[in-house]
Student: 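One structure, as structure tokens, below. Some questions next.
Chain identifiers are assigned alphabetically (A, B, ...) following the order of the sequence lines, protein sequences preceding nucleic acid strands; residue numbering begins at 1 within each chain.
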Amino acid sequence: AQKVTQAQTEISVVEKEDVTLDCVYETRDTTYYLFWYKQPPSGELVFLIRRNSFDEQNEISGRYSWNFQKSTSSFNFTITASQVVDSAVYFCALSEQGGSEKLVFGKGTKLTVNP
Amino acid sequence: KAGVTQTPRYLIKTRGQQVTLSCSPISGHRSVSWYQQTPGQGLQFLFEYFSETQRNKGNFPGRFSGRQFSNSRSEMNVSTLELGDSALYLCASSLALAGASDTQYFGPGTRLTVL
């Protein structure tokens with residue numbers, strides 16, 4: 001069965017601090033996809049990244065970076081030099097290959113960046 | 001390119017009534033998925049439609065149903081509303097290329113309140 005665990009329910013940091021959001025997943029498939037989404041107070045889920053199970057390279061996009069480690073089934077997300085606009089709920093999600101677009105989400109981590 | 005649109009954005013109903021929510025996917029996207037978001041259960045997959053056919057279904061009672069039209073637009077219906085159906089209902093669309101879990105792009109959601 002698929003499962004995504006985001007153990008950090010809430011994180012509060014001060015602007016310019018670095019912060020890492022943890023994500024641990026479970027799946028029996030060898031081919032799967034991992035995602036991160038951001039949900040600001042407006043409610044819309046904003047896509048951040050998609051990674052397939054065969055690509056363990058870390059990715060950096062501006063202040064955002066992702067660390068994918070199959071050995072520990074983790075797909076962690078780091079924000080460098082956080083800003084107030086980064087305040088949101090962040091969701092990690094898993095999709096297994098098999099002809100369906102179903103996403104299984106973690107419970108989310110609420111990040112508050114204080115000025 | 002326009003994003004995913006959902007109507008209405010807010011809805012208030014009473015127990016026992018039924019409701020229909022609408023979703024227009026991004027142009028060219030063939031798959032539409034629906035998710036329910038509540039504070040207690042988080043984001044849960046309802047169902048996915050592809051080429052007017054339901055391709056996958058989550059663990060929800062039969063009161064929840066949906067359909068997809070030939071232009072990929074989708075509707076979901078909830079009959080005999082219960083207080084617990086109060087939630088944010090999110091629609092997502094993806095290209096759904098065969099054999100891949102494509103990125104899903106989400107709409108702003110419909111906030112349903114059942115009194």
Student: With a strict 4.5 Å heavy-atom criterion, list every residue of residues 103-115 of chain A that contacts chain B, or say none.
Tutor: A/Leu103, A/Phe105, A/Lys107
Student: Tell me, please, which residues at least two apart from A/Asp29 pass salt bridge (charged side-chain N to carboxylate O under 4.0 Å, His left out).
Tutor: none
Student: Linking I/L/V/M/F/W/Y whenever any side-chain heavy atoms sit under 4.5 Å apart, do A/Ile49 and A/Phe77 land together?
Tutor: yes
Student: State plainly whether one hydrophobic cluster holds both B/Val4 and A/Phe47, where clusters connect Ile, Leu, Val, Met, Phe, Trp and Tyr through side-chain heavy atoms under 4.5 angstrom apart.
Tutor: yes
Student: Heavy-atom pairs under 4.5 Å with chain A: which of B/Phe47, B/Tyr35, B/Tyr105 has the most?
Tutor: B/Tyr35
Student: Tell me whether A/Leu34 shares a hydrophobic cluster with A/Val89, the cluster being built from Ile, Leu, Val, Met, Phe, Trp, Tyr side chains joined at under 4.5 Å.
Tutor: no
Student: Would one find more than 12 heavy atoms of other residues, nucleotides or ligands at under 6.0 Å from atom NZ of A/Lys3?
Tutor: no
Student: Counting only heavy atoms not in B/Arg15 (residues, nucleotides, ligands), do more than 12 fall under 6.0 Å from its CZ?
Tutor: no
Student: By a 4.5 Å heavy-atom criterion (distance strictly below it), what part of B/Gln44 contacts chain A: side chain, backbone, both, or neither?
Tutor: neither
Student: Kindly check if the number of other-residue, nucleotide or ligand heavy atoms within 6.0 Å of CD1 (A/Ile60) is above 12?
Tutor: no
Student: Tell me which of these, B/Gly107, B/Gly42, B/Gly109, has more heavy-atom pairs under 4.5 Å with chain A than the rest.
Tutor: B/Gly107
Student: Given that the side chain runs from C-beta out, which part of B/Phe50 has a heavy atom under 4.5 Å from chain A: side chain, backbone, both or neither?
Tutor: neither
Student: Which residue pairs pass the disulfide bond (SG atoms under 2.5 Å apart) test when at least one of the two sits in residues 15-48 of chain A, sequence neighbours left out?
Tutor: A/Cys23-A/Cys92
Student: Answer with side chain, backbone, both or neither: which region of B/Thr103 has an atom nearer than 4.5 Å to a non-hydrogen atom of chain A?
Tutor: both
Student: Verify the cluster assignment for A/Phe68 and A/Tyr64: are they in a single hydrophobic cluster under the rule of side-chain heavy atoms below 4.5 Å apart?
Tutor: yes
Student: Quick check on the hydrophobic clustering: are B/Leu43 and B/Phe45 connected, directly or via other members, by side-chain heavy-atom contacts under 4.5 Å?
Tutor: yes
Student: Where does A/Tyr32 contact chain B at under 4.5 Å (heavy atoms): side chain, backbone, both or neither?
Tutor: neither
Student: What residues of residues 70-91 of chain B sit under 4.5 Å from chain A when you count only heavy atoms?
Tutor: B/Leu88, B/Leu90
Student: Nearest 0.5 Å, please: how far is CZ in A/Arg50 from CG in B/Asp102?
Tutor: 5.5 Å
Student: Just how far is it from atom CD of A/Glu101 to atom OG of B/Ser33, taken to the nearest 0.5 Å?
Tutor: 6.5 Å
